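For reference, the structure discussed in these notes is given below.
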There are 2 protein chains.
Amino acid sequence: MLDKAALIVESFRPTGGPYRLAELAQRTGLPKPTVHRLAADLVRLGWLERTDGARYRLGGRLFELGSLVPRRRDLREAALPFLQDLFEATRETVHLGVREGLEVVYLERIHGHDALQLPSHIGHSLPLSCTGVGKALLAFCGTELTEEVLARPLPSLTAHSLTDPARLRMALEKTQVSGLAYEEQEAVPGVSCIAAPVFAGGDAVAAISVAVPRARFRPAQLAPAVRTAALGLSRMLRGGI
Amino acid sequence: MLDKAALIVESFRPTGGPYRLAELAQRTGLPKPTVHRLAADLVRLGWLERTDGARYRLGGRLFELGSLVPRRRDLREAALPFLQDLFEATRETVHLGVREGLEVVYLERIHGHDALQLPSHIGHSLPLSCTGVGKALLAFCGTELTEEVLARPLPSLTAHSLTDPARLRMALEKTQVSGLAYEEQEAVPGVSCIAAPVFAGGDAVAAISVAVPRARFRPAQLAPAVRTAALGLSRMLRGGI
DNA sequence: AATGTTTGTTCCGTGACACGGAACGACGCA
DNA sequence: TGCGTCGTTCCGTGTCACGGAACAAACATT
């Protein structure tokens with residue numbers, strides 16, 4: 001029964017809803033009365049909410065609980081000042097992401113009034129190979145993981161996404177040398193990105209990136225800023241997270 | 001059974017853990033074998049995690065789900081640029097909060113390297129009457145709610161917290177006139193705060209505040225910045241959130 | 001070393017309650 | 001008026017959640 005409830009809640013990814021009862025039944029594959037009963041329980045617990053009387057969406061209690069997750073909260077808290085610095089220096093969209101399995105999960109995204117339309121929402125996950133943050137993490141996460149990613153078919157989000165393992169391997173090697181990962185229109189058309197890994201105890205535990213409209217992408221000016229932020233956070237984490 | 005699982009998860013508030021099995025059994029009032037079984041299920045679902053083999057804490061999946069909650073995500077996303085402006089203008093700790101029942105829940109907190117030690121973590125809730133954000137919300141949330149708060153005994157976080165209903169009522173009236181709420185060491189000793197409500201369709205849906213060490217609290221300089229941010233966000237929300 | 005205490009874990013018989021097919025009324029549409 | 005789909009309720013069946021009891025391991029105390 002817990003599994004069924006979790007199935008319902010997870011079926012709200014990645015949009016958060018709202019969905020109708022029949023939609024939920026279809027998305028989860030559960031019988032309609034079962035969804036009805038469990039959804040009512042979840043609403044009572046505050047994990048789901050009802051909108052306009054007929055639709056369900058994720059509830060506020062879930063936000064409050066999710067914000068407390070120590071492994072996320074502590075890293076985000078430590079990183080925020082450095083992300084602020086990076087944003088002020090570049091005035092472009094700044095990301096903080098970590099690896100979760102074979103995907104990158106975004107912990108924070110900072111932007112100004114001219115926000116880019118990006119799929120990298122907080123809590124959202126994207127393939128490692130398609131994003132700057134992902135490539136920075138992948139390049140410093142050990143050989144076995146790299147090989148696992150290279151062995152599988154590479155997912156693609158745009159026509160520019162790297163689908164050739166050889167090219168990805170070469171890009172990762174460059175990143176290992178330079179400490180910087182580049183991404184050009186591989187996640188979103190028209191948007192380029194430069195990222196740097198954050199280290200804590202030898203392992204890359206996170207990565208910081210700046211996403212920029214392709215038209216004004218100036219790597220020579222962004223690279224030092226991104227690297228500075230990542231190194232600063234790494235030094236802070238060495239003091240124990 | 002869902003209730004028991006929710007009880008376990010909620011028992012991690014407000015710290016997020018980690019807790020041992022016996023602690024969880026005590027916090028929830030559930031028998032030890034029951035907690036053991038349910039916690040194992042929750043770990044399997046990613047809602048809890050095990051640290052050092054013997055302790056439980058909130059899990060990463062919960063963070064990802066919580067970040068998707070539409071009611072929170074949309075407001076946070078819309079507010080972020082204005083919070084950035086406010087932070088850059090003041091270089092002090094900036095808050096965004098909403099009302100949830102008789103408490104304020106913080107949706108965002110932005111700070112620099114010299115972060116204040118505050119209880120106002122994201123997702124955390126505090127009494128309306130003890131915080132700047134809370135007073136700004138309370139002053140523009142309708143009479144019946146104000147009276148309900150004034151009727152109950154006022155909670156206090158510090159020796160400076162307002163516990164006299166008459167004084168709180170007077171403070172709220174001043175806020176209704178000026179559009180600004182003040183708080184001095186009522187939530188944290190040594191920290192003052194100034195806040196302004198955010199309107200959408202006549203109701204105050206949120207509030208923005210700046211928290212400052214008492215020593216350098218200059219209301220005359222902070223007030224215009226906070227008001228500007230709140231009004232800017234209000235105008236943006238009028239375009240439909 | 002010996003003892004007592006608390007821990008996390010496993011087992012299993014019992015019974016409560018989750019389950020979902022079937023049926024219902026309400027609504028939108030043609 | 002008839003049809004399809006919606007959300008909701010009912011209820012008999014069978015399952016699986018439940019937690020007391022027992023266990024071994026780790027720790028604390030003497």
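Here is the naming used below: chain letters follow the sequence lines, and residue numbers restart at 1 for every chain. Treat the numbers as computed from the prediction; the structure is a model and nothing was measured. Heavy-atom basis, side chains included; hydrogens, waters and symmetry copies ignored.
- Counting to the nearest Å, the C1' atom of D:dC6 and the CZ atom of A:R50 are 12 Å from each other.
- The main-chain N or O of B:F199 is found under 3.5 Å from a side-chain atom of B:S234 such that the two form a donor-acceptor pair.
- Between B:F12 and B:Y19, the angle of the ring planes lies from 30° to 60°, which puts this pair in the tilted group.
- Nucleic acid contact for A:R55: none, since no nucleic acid atom lies under 4.0 Å from a heavy atom of the residue.
- We find that NE2 of A:H36 is positioned 16 Å from P of D:dC11, with the value rounded to whole Å.
- A:E10 has a carboxylate O that lies under 4.0 Å from a charged side-chain N of B:R61, or vice versa, which qualifies the two as a salt bridge.
- Taking atom CG of residue A:D3 and atom P of nucleotide C:dA18, one finds them 15 Å apart after rounding to whole Å.
- We find that CE of A:M1 is positioned 6 Å from P of C:dC19, with the value rounded to whole Å.
- B:T34 has no side-chain polar atom (N or O) that falls below the 4.0 Å cut-off from OP1 or OP2 of D:dC18.
- One finds no salt bridge joining B:K135 and B:E183 here, because no Lys/Arg side-chain nitrogen approaches an Asp/Glu carboxylate oxygen to under 4.0 Å.
- A straight line from CG of A:L2 to C1' of C:dA18 spans 12 Å, rounded to a whole angstrom.
- Contacts between residues 19-30 of chain A and DNA chain C, defined by a heavy-atom separation below 4.0 Å, involve no residue at all.
- Under the 4.0 Å criterion applied to side-chain N and carboxylate O atoms, A:R109 and B:E108 are not assigned as salt-bridge partners.
- How far CG of B:L107 is from CD1 of B:I122: 8.0 Å, rounded to the nearest 0.5 Å.
- The nearest whole Å value for the distance from the CG atom in A:L48 to the P atom in D:dG7 is 15 Å.
- Using a 4.0 Å cut-off between charged nitrogen and carboxylate oxygen, B:E148 and B:R152 count as a salt-bridge pair.
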Item to check | A:L157/A:V188 under side-chain contact (heavy atoms from CB on, under 4.5 Å): CA gap, chis, key distance, verdict | outcome: CA-CA 7 Å; A:L157 298 176; A:V188 187; over 6 Å; no

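- Using a 4.0 Å cut-off, some side-chain N or O of A:R37 falls inside it from OP1 or OP2 of C:dC19.
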Side-chain atoms of residues 94-103 of chain A: list all donor-acceptor pairs with protein atoms under 3.5 Å, sequence neighbours left out, distances to 0.1 Å.
unit_1, atom_1, unit_2, atom_2, d
A:H95, ND1, A:S209, OG, 3.3
A:H95, NE2, A:S120, OG, 2.7
A:R99, NH1, A:G101, O, 2.8
A:E100, OE1, A:R72, NH2, 2.7
A:E103, OE1, A:S125, OG, 3.4

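- Rounding to whole angstrom units, CG of residue B:L38 and P of D:dC16 are separated by 15 Å.
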Next on the checklist: For Watson-Crick and G-U wobble pairs within 3.5 Å on both distances, what is DNA chain D written in dot-bracket notation, | included for inter-strand pairing?
Outcome noted: |||||.|||||||||||||||||||||.||

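- Looking at heavy-atom distances under 4.0 Å, B:P31 makes contact with sugar-phosphate atoms alone, never a base.
- Put simply, OH on B:Y56 is 14 Å from P on C:dT7, counting in whole angstrom units.
- In terms of polar N and O atoms assigned as donor or acceptor, the side chain of B:K32 comes within less than 3.5 Å of the base of C:dG8 in a complementary pairing.
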